[in-house]
Amino acid sequence: MTLTQEAPVVTTTVVRRKPRNRDGWATAIMVAPATVLYTVMLIIPVGLALYLSLTDWDGFSANPAFVGAANYVNLLDDPELRRAALVTLLVAAAGTAGLNLLGLGFALLVNGVSRANTFFRIVLFYPHVLSALVVGFLWSAILGTTGAVNNLVTTWGGGVLPFLSDPTWATITMIAVLVWAGFGVNVVLYLAGLQAVPHSLIEAARIDGATRWQVFRNVTLPALGPSVTVNIVLSLVTLLKTYDLVVSLTAGGPAGQTQTVAYLILWNSFHDARLGFGSAQSVLLMLVTAALAFVVTRLRRRGELAVHQ
């Protein structure tokens, strides 16, 4: 008797792949609009600013005179820029603290699903919808020397309050208005972060007897780490380039004491027709803003890692 073993039948499946060229073209077509927009709105303006910062151009002559690094050397000896830099850093530091403290505080208050919370969210966000120029003119009419508040105070027999006429008061007023106009965005971002906090962790902490402050400090706040980082960086970058509210609220006064770097850039570029010097200032502001954003992000991420370890 002979045993026979059948040979296994091997089947092969041919997988036809789409040509890579076709996928590459499809990707390029989808990315092209964003690439063109990014190039036109960012890369080209930054390159043009770098070029103009090396020239002495008034904005009208056909051929800008190349001066090399002279504009950057002059920046070091410019007292107006030093004063504007101090004001800008003060506005950025105090404003970032105010925006995030108020944003987180109100986000905790209106966190939850109810008609009242929905209404208050709209009210809190509404100032951000207004143009910064409109906000500046509005508060100037309220807090100016002849504004509504001072009219009431003088009517009641009091003296004029120097909200916008005293350098210290004007700086504090400007920071307060910036915070009032912008903290609605921080409320929205913190609300999004609060929705991502695991409710099970909060319930477990409460069952263990933790107080509200302990739950917030040990559970909610660590979970909000990414939201805090994003809010701080966005607030810092936005405040470092503040100029429109300065134009309508204080116009840089009194005596130039509330000029920010961004406001000074526009003043030098267009009022004084020193576009080359203004471009050098804008390049410096861009580099400082990028450096501060990078440092803050790194420090915040280290803090987040330390909390989770």
Test side chain to side chain contact (heavy atoms under 4.5 Å, CB included), reference Thr171, set Thr250, Leu90, Asp166, output is Leu90
Are the side chains of Asp78 and Phe277 in contact, using a 4.5 Å heavy-atom criterion? yes
Can you find a side-chain donor-acceptor pair between Asn100 and Tyr190 that sits under 3.5 Å? yes
Distance-only side-chain donor-acceptor flag, Asn186 / Ser235, under 3.5 Å: yes
Any side-chain heavy atom of Asp58 within less than 4.5 Å of one from Arg274? no
Nearest heavy-atom contact between Val187 and Val110 is CG1-CG2, 4.4 Å
Do the ring planes of Trp267 and His271 sit parallel (below 30°), tilted (30 to 60°) or perpendicular (above 60°)? parallel
Could you pull out the closest heavy-atom pair between Ser282 and Ala49, with the gap in Å? OG-CB, 4.3 Å
Nearest atoms (heavy-atom pairs only) where Gly209 meets Gln214: O-OE1, 4.2 Å
For the pair Phe163 and Trp169, name the ring-plane relationship: parallel under 30°, tilted 30 to 60°, perpendicular over 60°. perpendicular
Is Thr55 close to Leu52 at the side-chain level, that is, under 4.5 Å between some pair of heavy atoms? yes
If we count only N and O atoms by modelled type, under 3.5 Å, do the side chains of Tyr72 and Ser53 hold a donor and an acceptor together? yes
